[in-house]
> 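Before we start, here is the structure in question, set down as structure tokens.
Each chain gets a letter, A, B and so on, in the order its sequence line appears, and its residues count up from 1. Hydrogens, waters and symmetry mates are skipped; everything else that's a heavy atom, side chains included, is used.
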2 protein chains.
Amino acid sequence: MESVTGTRERIVNAGAELLRRNGYTGTGVKQIVEAANAPFGSLYHFFPGGKEQLGEEVIRTSGMMYLALFEIFFADEPDLIHGIEACFASAAETLKATDYADACPIATVALEVASTNEKLRIATADVFTAWIETGAEKLGKYGLGPESARRLTIALVNSLEGAFVLSRSLRNTEALDVAGASSVAFARTLLAS
Amino acid sequence: MESVTGTRERIVNAGAELLRRNGYTGTGVKQIVEAANAPFGSLYHFFPGGKEQLGEEVIRTSGMMYLALFEIFFADEPDLIHGIEACFASAAETLKATDYADACPIATVALEVASTNEKLRIATADVFTAWIETGAEKLGKYGLGPESARRLTIALVNSLEGAFVLSRSLRNTEALDVAGASSVAFARTLLAS
DNA sequence: GTCTATAATTCGATAGAC
DNA sequence: GTCTATCGAATTATAGAC
């Protein structure tokens, strides 16, 4: 009932924002504690494993927060197509509102560590696995078989992640608009099969 | 007619491979010249602009090489659907053959620099623009209108880039398989409209 | 063009007083 | 738990001999 934001929490939050925008190797630990308004020593007090331990926690927590966002969109949505369209429209809005900075919280790090840091690679894999499994469970409510629901979920993540790459680079939301349309087309195909 | 690989070319090639796998901030210039078997001084002889200039050249050249790969798949392919399926199947094969290292040559860098380095961000944007415009021109031959051809091309890149993120992280090709299927579904939808 | 030495800075991480 | 000082190794980049 006190301390709205502890030092440890501020470090994780600042780390999440910096890793999302600048990547893992592109972000320094000193940069993180400064942004968190935390003393440097606190970083190694709360994270004895150093940058890697902080990185892993950032990946897992922000990955789960992003999943919660997805679940909200489909919580009370009776129509699958509307839910998909709302997801991509919301992603486009957020991206534009943050000057094309806030896309996927872990994609940049995921690509950076895929071939270089096995512990962090596994953290990103666990997040993506949770997205796919939880998403498939939710989308299974719309009259799709288990395998179709899983494949549709993967297709949604594919299109979203890829559109984030194009949209951030090109600084426009055309790719996200197309991603919504192509995802809807795949959903209709699966619903009709 | 001589010198199969000059020093400058070896530096660019080594830089391309390292940037693709480890990213821009994750790759050191010493690491590049060492991999290229080049003297350190040669780097700043051929690239007075240092790491950034080399990075820009790597982005542009490997981006164009990847585009050439795409063009080969559709050069003598009479069927659009077959061409799409071949693209994703080939990407999956390459990825698996390289232990999930060789995916998109510029995606990691594109995400890293999108919010941090405007010159390199523009280089990635130029590459993606070339992909979209050239792709749209090629796919326009299959009975699609200009706008549909452009949107299908963007959808293909979306799905491919996103599936690369998932496949490299999860170390399997399921996402690439789904990406092929969802892209085919979108192509059929556009062909039928 | 090649090569070496080194400058100048930043990196992640640690020690130890408080 | 906070804070500072600092270490050693890395980073990019430059100078200058050959």
> What is the separation between atom CG on B/Asn22 and atom P on D/dA10, rounded to the nearest whole Å?
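For the pair B/Asn22 CG and D/dA10 P, the rounded distance is 16 Å.
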> Which nucleotide wins on minimum distance to the side chain of B/Phe40, given the candidates D/dT12, D/dA13, D/dG1?
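Nearest listed nucleotide: D/dA13.
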> State whether B/Tyr44 places a side-chain N or O below 4.0 Å from either non-bridging phosphate oxygen (OP1 or OP2) of D/dT14.
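It does not, given that no N or O in the side chain of B/Tyr44 lies less than 4.0 Å from OP1 or OP2 of D/dT14.
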> Can A/Phe74 be reached from A/Leu191 by stepping across I, L, V, M, F, W or Y side chains whose heavy atoms are under 4.5 Å apart?
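Linked within one cluster.
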> Would you mind reading off the distance between B/Asn37 atom CG and C/dT2 atom C1', rounded to a whole angstrom?
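For the pair B/Asn37 CG and C/dT2 C1', the rounded distance is 13 Å.
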> Among A/Glu133, A/Glu77, A/Glu71, find the one that has a salt bridge (Lys or Arg N to Asp or Glu O under 4.0 Å) with A/Lys138.
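Option passing the salt bridge (Lys or Arg N to Asp or Glu O under 4.0 Å) with A/Lys138: A/Glu71.
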> Separation of B/Leu54 atom CG from D/dT12 atom P, in whole Å?
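That distance rounds to 11 Å.
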> To the nearest Å, give me how far apart CG (B/Leu43) and C1' (D/dT12) are.
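It is 10 Å, rounded to the nearest whole Å.
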> From CD of B/Gln31 over to P of D/dT11, roughly how many Å is that when rounded to an integer?
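In whole Å, D/dT11 P lies 7 Å from B/Gln31 CD.
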> Judged by each residue's nearest nucleotide on DNA chain D, which is more toward the 5′ side, A/Pro39 or A/Lys30?
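Nearest nucleotide further toward 5': that of A/Pro39.
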> Closest-nucleotide mapping onto DNA chain C: is A/Thr25 or B/Gly41 further toward the 5' terminus? I mean the 5' end.
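By nearest-heavy-atom nucleotide position, the 5'-most residue is B/Gly41.
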> Out of D/dT12, C/dT2, C/dG12, which nucleotide sits closest to the side chain of B/Phe46?
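When the side chain of B/Phe46 is considered, C/dT2 is the closest of D/dT12, C/dT2, C/dG12.
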> Among the candidates C/dG12, D/dT2, C/dT14, find the nucleotide nearest to the side-chain atoms of A/Ser42.
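Output: D/dT2.
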> Looking at D/dT12, D/dC3, C/dT2, which one has an atom nearest to any side-chain atom of B/Val29?
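Among the listed nucleotides, the one closest to the side chain of B/Val29 is D/dT12.
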> Looking at B/Tyr24, is B/Lys51 sitting on its ring face, NZ or CZ under 6.0 Å from the six-membered ring centre and within 45 degrees of the normal?
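Flagged: B/Lys51 positioned over aromatic ring of B/Tyr24.
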> Calculate the interatomic distance between A/Lys51 atom NZ and D/dA10 atom P; express it in whole Å.
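Going from A/Lys51 (NZ) to D/dA10 (P), I get 15 Å.
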> State plainly whether the residues A/Glu17 and A/Arg20 are in salt-bridge range, i.e. N to O under 4.0 Å.
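Salt bridge flag = no for A/Arg20 with A/Glu17.
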> Are a donor atom and an acceptor atom from the side chains of A/Glu112 and A/Thr25 found within less than 3.5 Å of each other?
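A pair is found: one side chain offers a donor N or O, the other an acceptor, under 3.5 Å apart.
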> In this structure, how many angstroms lie between the P atom of D/dG1 and the CD atom of A/Glu9, rounded?
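Whole-Å distance recorded here is 14 Å.
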> Rounding to a whole Å, what distance do you find between B/Glu34:CD and C/dC3:P?
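Computing the B/Glu34:CD to C/dC3:P distance gives 14 Å.
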